[in-house]
Amino acid sequence: MTSLNSIPMVDLRKQYLALADEINASLSEVLEKTHFIGGENVQAFEREAADYLGAKHAISCANGTDALHLAMLAAGIGPGDEVITTPFTFIATVEAIAYVGATPVLVDVDKASYNIDPALIEAAITNKTRAIVPVHLFGMPCDMQAINSLAKQHKLTIIEDCAQSFGATHNGKQTGTIGSIGSFSFFPSKNLGCFGDGGMLSCNDDDLAKKLQVLKSHGSAERYIHSVIGYNSRLDEIQAAILRHKLKKIDHFNSERRRVAAHYCECLSDLPVQLPQLNFVGEGDAIPVFHQFTLLTDQRAAIQKELQDNQIASAIYYPIPLHKQEAINGLLTSTPHCPNAEALSEQCMSLPIYPELDNQSIERIAGIVKNVLSVAA
Ligand SMILES: *Cc1c(COP(=O)(O)O)cnc(C)c1O
C-alpha cells in the first residue's frame with residue numbers, strides 16, 4: 001500500500017478502480033461460463049485489436065517474449081542467420097533471436113530518440129542478415145520509413161517490437177503494422193496491460209498469420225493434427241476480458257501519457273538535462289505514447305536519492321546495454337561499437353508516468369529534480 005504522498009512509477013490500482021465495475025462484471029461472467037481457454041473474449045479481443053491497429057490479423061499469445069520468439073520462427077529465422085537490433089532494450093528482444101539459434105547484431109542508437117539509428121544499419125547488413133527488429137522504445141516510434149526502405153532494398157523481414165508502443169503511430173500507421181510482423185506485450189505495466197501475462201502478434205500476410213497461429217497452438221491448425229512441433233502460448237479468457245475494456249480506453253490513456261510528458265518538459269525545460277523528444281524527429285511524422293518518461297543527466301544518483309527520500313519512485317531503463325550482459329556477450333560474433341547506448345545507460349533515468357498522474361504531482365517531482373540540479377550547479 002502506498003502512503004498518501006508517495007508516487008510510484010506506475011499506479012495500476014488507480015486504473016483498475018476507474019474500470020472496476022465493468023471489469024468485475026466481465027470477470028464474473030467468465031467465471032460463470034468457465035470457458036477459461038480459447039473462449040469468446042479471446043476471439044473478440046483479437047478482432048477488436050486487429051481493427052484498432054488496422055491490421056488484417058491479430059493473434060494473441062502468452063506474453064511478449066513468446067510473441068517475439070513466434071515471430072522469429074514464423075519468419076523462418078534460424079541458425080546461421082543474423083538479426084539486427086538495438087543494444088538499448090529489454091533483454092527479451094535479443095533472447096528471442098537466441099532462442100532460434102540466430103546471431104544478434106547490435107547497432108547503436110540515436111542519442112536523442114533512444115532508438116536504433118537507421119543511418120548505422122546499412123553498414124551492419126551482411127549476406128547472412130535476415131531481419132531487423134526495431135524496438136519502439138519508451139513508446140517512441142522508430143524511423144520506420146528509413147528502416148522499411150533498407151529492408152526492401154536488402155529483402156529483410158521487419159519484426160517490430162511494440163511491447164512499449166501500443167497505440168503509437170508513424171505516418172498515420174500503427175506500430176506493429178508497418179513492418180512484416182508486430183509483437184506486443186500486455187504485461188501489467190505496459191501501456192495496454194492485463195492482470196497477468198499476455199502478448200499478441202499482428203500482421204497483414206495470410207500465410208504468416210497461419211504459421212503464427214499453428215506455432216502458438218502445438219503446431220496444429222486442426223485439433224489433434226500436428227504438422228510441426230509448436231508451442232503452448234495462449235492468452236487466457238480472463239486476460240482477454242480485461243484487455244477488451246482497456247482497449248476501449250487506450251487512446252485516452254495514451255493521450256494522458258502525452259499530457260504528463262509535455263508537462264514534465266515544461267517544468268524541466270531550463271535545466272541541464274536532456275529531455276525526451278516530445279515530437280518525432282525523422283522522416284514523416286509520428287505520435288509517441290510515452291511508455292516511459294526518460295531523461296539524461298549526469299546527476300542521476302543524487303536525483304534518485306532525493307526522490308527516494310521524498311517517497312517518489314524513479315527507475316533506470318536500462319542500466320547495462322545488452323552487449324555488456326554476460327548472457328548476450330557470448331552470442332555476438334563481433335564487438336559492437338555502441339558508444340551512445342553505453343552513454344545512455346550511464347545517464348538515463350525514468351520518472352513516474354501513468355495516465356492518472358496529475359499535474360500537481362508532476363510539479364512536485366520536477367521541483368525536486370530542479371533543487372538537486374541547482375545545488376549541483
Ligand atoms: C516487456 C518487453 C518485452 C517482453 O514482454 P513480456 O510480456 O514481459 O514477455 C519485450 N520487449 C520489450 C521492449 C519489452 O519492454
Side-chain angles (χ1 to χ4, degrees), residues 2 7-30 39-55 58-61 63-64 67 136 138-141 162-170 172-177 182-202 235-264 278 286-293 352-362:
T2 50
I7 304 177
M9 282 303 285
V10 55
D11 193 336
L12 297 178
R13 190 177 155 79
K14 270 198 179 126
Q15 190 160 99
Y16 166 63
L17 291 177
L19 296 171
D21 289 348
E22 53 219 85
I23 287 179
N24 291 353
S26 289
L27 289 184
S28 311
E29 215 172 285
V30 172
E40 61 208 31
N41 280 294
V42 173
Q43 267 187 11
F45 174 68
E46 288 181 338
R47 201 171 52 241
E48 287 156 9
D51 287 349
Y52 176 86
L53 293 174
I59 297 136
S60 61
C61 64
N63 56 68
H136 307 296
F138 306 148
M140 176 60 80
C162 309
Q164 304 186 5
S165 71
F166 197 102
T169 61
H170 181 242
K173 277 184 148 178
Q174 287 283 331
T175 58
T177 67
S183 166
F184 294 86
S185 164
F186 304 127
F187 183 81
S189 64
K190 308 287 186 184
N191 285 37
L192 180 62
C194 56
F195 293 178
D197 276 309
M200 191 180 78
L201 293 134
S202 56
L235 183 73
D236 68 65
E237 187 70 359
I238 288 177
Q239 304 308 333
I242 293 160
L243 286 166
R244 290 184 72 193
H245 289 295
K246 290 208 178 182
L247 180 62
K248 287 187 196 140
K249 301 273 173 12
I250 189 67
D251 284 341
H252 169 68
F253 293 152
N254 283 337
S255 78
E256 286 301 294
R257 287 175 176 276
R258 283 189 292 273
R259 168 193 54 84
V260 172
H263 199 53
Y264 268 130
L278 281 179
I287 302 176
V289 293
F290 286 96
H291 175 61
Q292 297 296 343
F293 182 87
I353 188 164
Y354 44 91
E356 301 80 11
L357 187 65
D358 60 31
N359 285 352
Q360 206 183 340
S361 301
I362 295 165

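- Closest approach of Pro141 to Pro288, counting heavy atoms only: CD-CA, 3.9 Å.
- In this structure, CD1 in Ile238 is found 10.0 Å from CG in Asn41, a value given to the nearest 0.5 Å.
- Listed here is the closest heavy atom pair of Glu256 and Pro355: CB-O, 3.5 Å.
- The aromatic rings of Tyr264 and Phe293 lie parallel to each other, their planes meeting at an angle below 30°, with 60° marking the opposite boundary.
- Between the CD atom of Glu237 and the CD atom of Gln43 there is a distance of 9.0 Å, given to the nearest 0.5 Å.
- Taking both residues in full, the closest heavy atoms of Pro8 and Pro352 are given as O-CB, 3.2 Å, listed atom of the first, atom of the second, then distance.
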Would Leu27 and Ile242 count as a side-chain contact (heavy atoms from CB on, under 4.5 Å) if you check the C-alpha gap in whole Å, the side-chain angles of each, and the deciding distance to 0.1 Å? CA-CA 8 Å; Leu27 289 184; Ile242 293 160; 4.0 Å; yes
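- At a threshold of 4.5 Å between non-hydrogen side-chain atoms, the residues Tyr52 and Gln174 count as touching.
- The heavy-atom pair separating Met9 from Tyr354 by the smallest distance is O-CD2, 3.3 Å.
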Counting only pairs under 3.5 Å, give me each side-chain donor-acceptor contact of residues 190-202, with atom names and distances, residues two or more places apart or in other chains.
unit_1 : atom_1 : unit_2 : atom_2 : d
Asn191 : OD1    : His291 : ND1    : 2.9
Asn191 : ND2    : Asn254 : OD1    : 2.9
Asn191 : ND2    : Val289 : O      : 3.0
Ser202 : OG     : Gly176 : O      : 2.6

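- With rounding to the nearest 0.5 angstrom, the OG atom of Ser165 is 13.0 Å from the CD1 atom of Ile287.
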Using the rule given for side-chain contact (heavy atoms from CB on, under 4.5 Å), can you reason through Leu278 versus Phe290, listing the C-alpha separation, both sets of side-chain angles and the distance that settles it, and then say yes or no? CA-CA 9 Å; Leu278 281 179; Phe290 286 96; 3.9 Å; yes
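- Glu356 CD to Phe253 CZ: the interatomic distance, rounded to the nearest 0.5 Å, is 6.5 Å.
- The two residues Pro188 and Leu12 come nearest to each other via the heavy atoms O-CD2, 3.3 Å.
- Nearest heavy atoms, Asn359 versus Arg259: OD1-NH1, 2.8 Å.
- Electrostatic pairing of Glu22 and Lys249 counts as a salt bridge here, judged by a charged N lying under 4.0 Å from a carboxylate O.
- A 4.5 Å side-chain heavy-atom check between Arg244 and Ser26 finds every atom pair outside the cut-off.
- The line from CD of Gln15 to CD1 of Ile23 is 8.0 Å long, rounded to the nearest 0.5 Å.
- Rounding to the nearest 0.5 angstrom, the gap separating the OG atom in Ser60 from the CZ atom in Phe184 is 13.0 Å.
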